[in-house]
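Sequence positions, counted from 1, serve as the residue numbers for this chain. Atoms within each ligand, like the ligands themselves, are counted from 1 in listed order.
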Amino acid sequence: MENTIRSLQQEIIDFEIGTKADLEAFRLRFTVRKGLIANLFAELKSVDPAEKPRIGQMLNQLKLAAEAKCNEATEKFAADEAFGNARKDLTLPGRRDFTGSEHPVQKVLGEMKRIFSDMGFGIATGPELELDSFNFDMLNFPPDHPARDMQDTFFITRKQNGSDVLLRTHTSPVQIRVMLDRKPPIRVICPGKVYRNEAISARSYCVFHQLEGLYIDRKVSFADLKATIYSFARQMFGTDVKLRFRPSFFPFTEPSAEVDVTCYLCGGKGCRVCKKSGWLEIMGCGMVHPNVLVNCGIDPETWSGYAFGMGVDRTVLLQYKIDDIRLLFENDIRMLRQFPA
Ligand code: DAH
């Protein structure tokens with residue numbers, strides 16, 4: 001008897017009730033009045049009286065286990081049915097899993113970061129809410145100098161602790177933060193969002209991305225800057241690109257230049273995107289102005305350096321053939337789904 005009870009115990013545990021038919025089979029085998037367990041109770045009479053309490057207890061436990069399993073399955077089927085009746089709409093299209101993917105801006109930024117980190121640049125970040133002094137003064141913008149008007153600024157508060165708070169108009173203030181924070185040699189890139197109060201259109205938006213570069217060491221020259229930009233441009237835009245450095249002005253660099261690459265859409269022949277010129281502007285750059293080094297406590301007699309700053313979004317638009325910059329910021333899922341991982 002004891003062996004029979006044990007083997008039924010195991011059978012109850014192993015019995016899989018996947019359908020209502022299974023449940024009925026289980027019930028008929030174990031829990032009905034003429035079932036296996038009831039039969040064993042009938043046989044209890046013939047068990048040795050000394051063993052009866054122990055065997056009786058085992059049998060009771062067997063009965064309880066069978067009933068519990070039966071009840072649990074009954075409740076589960078009832079719940080499934082209630083749910084199914086309430087929710088079933090066979091006309092609904094099936095649901096497919098949607099896996100998120102990297103935003104096109106992050107893909108391009110990721111590629112830029114990879115190229116510069118292969119060249120030994122670390123990554124630094126700074127706040128998007130910035131002090132006027134870091135965004136302008138310490139970068140050698142004189143007060144009320146027209147150069148400030150080159151960048152239409154969103155001011156947040158006027159004169160807090162002696163400096164206005166604004167939304168940074170470029171990533172160059174991160175240069176200042178890094179130089180105040182560390183001793184040369186310094187070699188970093190600073191990717192991030194910047195803000196300008198400009199008319200919004202398919203070509204310009206009030207927020208966009210820049211990637212800044214800064215290298216300070218002994219005897220850094222313009223030739224080092226050119227070599228770095230060349231190496232970057234070949235990896236980013238293709239080994240055939242040519243570069244053009246045009247003299248320019250930025251308060252924080254001297255000399256300064258703007259850099260164009262041969263239009264990588266038409267190969268320099270001239271097309272709609274490069275406005276028939278064959279060139280695309282990719283960045284501003286130059287040798288860090290001695291005033292900027294002094295502002296950050298770095299001796300310009302010992303140290304020199306170069307800096308560059310490039311827009312990221314235009315490259316994204318060109319690389320992914322997106323014709324409106326606003327699409328990069330509206331987070332429209334219909335747009336994002338076109339760029340799977
Ligand atoms: N901050 C400049 C801008 O937003 C871009 C720039 C130009 C950054 C020259 C630099 C640089 O670091 O050297 O227009």
Inset, instruction - Say whether Gln175 and ligand 1 are in contact under the criterion: heavy-atom distance to a ligand atom below 4.0 Å. - result: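 The answer is yes: ligand 1 sits under 4.0 Å from a heavy atom of Gln175.
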Inset, instruction - Would you please determine whether Arg196 falls within less than 4.0 Å of ligand 1 on a heavy-atom basis? - result: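 Yes, Arg196 has a heavy atom closer than 4.0 Å to ligand 1.
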As an exercise, identify every atom of ligand 1 less than 4.0 angstrom from a heavy atom of [X].
X	answer
Phe308	8 (C), 10 (C), 11 (C), 12 (O), 13 (O)
Phe250	7 (C), 9 (C)
Gly284	7 (C), 9 (C), 11 (C)
Thr253	13 (O)
Gly286	13 (O)
Ser172	1 (N), 8 (C)

Legend entry - Any N/O pair Ala307/ligand 1 closer than 3.5 Å: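 For ligand 1, there is an N or O atom that lies under 3.5 Å from one belonging to Ala307.
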Inset, instruction - May I have all residue pairs that pass salt bridge (Lys or Arg N to Asp or Glu O under 4.0 Å) and include part of residues 255-264, sequence neighbours excluded? - result: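 Residue pairs with at least one partner in residues 255-264: Arg244-Asp260, Arg246-Glu258, Arg246-Asp260.
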Legend entry - Residue Lys107 excluded, over 12 heavy atoms near NZ under 6.0 Å: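 Above 12, so yes.
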Inset, instruction - Have a look at ligand 1 and work out which part of Tyr306, if any, has a heavy atom under 4.0 Å from it: side chain, backbone, both or neither. - result: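 No part of Tyr306 is near ligand 1 at this cut-off.
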Inset, instruction - Compare His170, Gln210, Glu212 and give the one whose heavy atom is closest to atom 10 (C) of ligand 1. - result: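 Minimum heavy-atom distance to atom 10 (C) of ligand 1 goes to Glu212.
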Inset, instruction - Verify side-chain hydrogen bond (donor to acceptor under 3.5 Å, both in side chains) between Ser7 and Glu11, making sure each step is shown before the conclusion. - result: CA-CA 6 Å; Ser7 86; Glu11 197 187 325; 5.7 Å; no
Legend entry - Test: Lys226 cationic atom under 6.0 Å from Phe245 six-membered ring centre, within 45° of axis: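 Verdict for Phe245: a cation-pi partner in Lys226.
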Legend entry - Centroid-centroid under 6.0 Å between Tyr320 and Phe339 rings: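 They qualify: ring centres under 6.0 Å apart.
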Inset, instruction - Given side-chain hydrogen bond (donor to acceptor under 3.5 Å, both in side chains), test Thr228 with Tyr306 step by step and report yes or no. - result: CA-CA 10 Å; Thr228 306; Tyr306 63 69; 2.8 Å; yes
Inset, instruction - Please state whether the rings of Phe252 and Phe141 are parallel, tilted or perpendicular, taking 30° and 60° as the class boundaries. - result: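 The rings of Phe252 and Phe141 sit tilted, inter-plane angle from 30° to 60°.
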Which atom pairs, one a donor and one an acceptor, fall under 3.5 Å between side chains of residues 276-287 and the rest of the protein, sequence neighbours left out?
unit_1: Ser277; atom_1: OG; unit_2: Cys274; atom_2: O; d: 2.8
unit_1: Ser277; atom_1: OG; unit_2: Trp279; atom_2: N; d: 3.1
unit_1: Ser277; atom_1: OG; unit_2: Trp279; atom_2: O; d: 3.2

